[in-house]
Amino acid sequence: MIHPIKKKRILLGVTGSIAAYKSADLASKLTQAGAEVDVILTKAATAFVSLLTFQSVTGRKAYVDADLWGDQGHVVHISLGKEADLFVIAPVTANTMAKMVHGEAGNLLTLTALAAECPILIAPAMDGGMYSHPATQANLEILKSRKVTIIGPEAGHLASGMRAVGRMTEPSDLFGNIRYLFSRSGPLTGKKILVTAGGTQEAIDPVRFITNRSSGKQGFAIAQVAIDMGAEVRLISGPNLLPTPIGVERTDVRSAEEMSAAVISHTANADVLIMAAAVADYRPIKNSSEKIKKSSGIPEIKLKATQDILKNVSEEKKKSGKPKVIIGFAAESKDVIENAEKKLLEKGLDFIVANDISAKDAGFEVDTNRVTIISADGSKEALPLLTKEQVAIAILEKVEEILK
Ligand code: CTP
């Protein structure tokens, strides 16, 4: 799989808002992902950040109004606008938006916006009152009607000291939105993928629960890569603080029972189910509504089995044929392959991703994983130590093959 941003030509326009300092971070993120980033700064933007900042992070020339009358003469705005796959203006001020609405072309940035043939994405930043002003709102409507993608602004602390809607969306989220835009024609376009992630929590009382060491990182990486490959993704996640990949529809659950209900309600609509979650096999029979007190002595916590979600989904598949592909994980501390093969058969899977959780650099909590993919036809593919994103790519490329 090729990263959706790799080799893309991105034109980044920066206008005069304090949020301009954050767009250097965006330029850096895009460059690191393999894009060629050309930057245009307005005169007001250079009051906040320097040309050199952007040239340093992109490794390319950054442009200002003076370039309009430089060696390349009048063509610079045309060539920048023509060569770009996407024109991102972040931050865009109320002033520049108003100019765009009227087709004004008084500086290199607005001139290029008028000449650009590629899609345009803007990230507004301004004070709360300016954002809510009817003039700005009307301008946003007009830009939207012209198919400009508008991201943000967000609510929060503003330079004026106020808290209101007007903050530029964070560079990591803007990066996610750009990644999402470029992913929509990937090899899994039109496919619906359901992914589960993280551990479940089984309540003992209002304070305590039984859980496991699953961080959710592998499941979230699968959701991100599925998005990168063009799929529509629903992520059902146990409790964790991981950011939701842009474009993913997320359902948060706590217990195995909630996860089971969420999976069942979404499988009829899914082409693929990838169960990366570490679902509790047992839960306390009794969930005390009051906190269990020390004074009542050492409690005896009786457990009962939870539903095996994968088994239930495979049974359902026998009747409905949905989802077409079912994938499980096997977290094992010994006899990894034998145990995984048994689960593959018992749970009726297309393939299972087995990992040895006794290794320090693989499995729970860490950012790397070493897995063996075992298929229903008996074939085994032992992968080296990889990042969880690379493991996700291997899994989804296999899904792509099966769906073909
Ligand atoms: N799984 C599930 N429902 C459960 C438990 C597990 O769907 N109640 C899924 C997991 O998401 C995973 C696969 O089954 O994809 C294997 O999970 P694992 O915990 O390794 O195996 P178990 O079936 O729970 O067996 P054991 O705990 O004995 O290893």
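Counting starts at 1 for both ligands and their atoms, in listed order. Bear in mind the structure is a predicted one, so any value in this text is a computation, not a measurement.
Between the CE atom of M1 and the CE atom of M229 there is a distance of 7.0 Å, given to the nearest 0.5 Å.
A salt bridge (charged side-chain N to carboxylate O under 4.0 Å, His left out) check over residues 277-294, counting only residues at least two apart or in different chains, returns nothing.
Under the 3.5 Å distance criterion, the side-chain polar atoms of N240 are left unmatched by any main-chain donor or acceptor of G216.
Applying the side chain to side chain contact (heavy atoms under 4.5 Å, CB included) rule to A340 yields the partners A330, I352, A354, I374; only residues at least two apart in sequence or on another chain are considered.
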Assess the residue pair S50 and T53 against the criterion (side-chain hydrogen bond (donor to acceptor under 3.5 Å, both in side chains)); give the C-alpha distance rounded to whole Å, side-chain angles, the decisive distance to 0.1 Å, and a yes or no.
CA-CA 5 Å; S50 86; T53 310; 3.0 Å; yes
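For a heavy-atom separation below 4.0 Å, the residues in contact with ligand 1 are M275, A277, V279, A280, D281, T306, Q307, D308, I309, L310, G328, F329, A330, A331, K343, K347.
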Identify every side-chain donor-acceptor pair in residues 115-124 under 3.5 Å, counting partners at least two apart or on other chains, and give the distances.
none

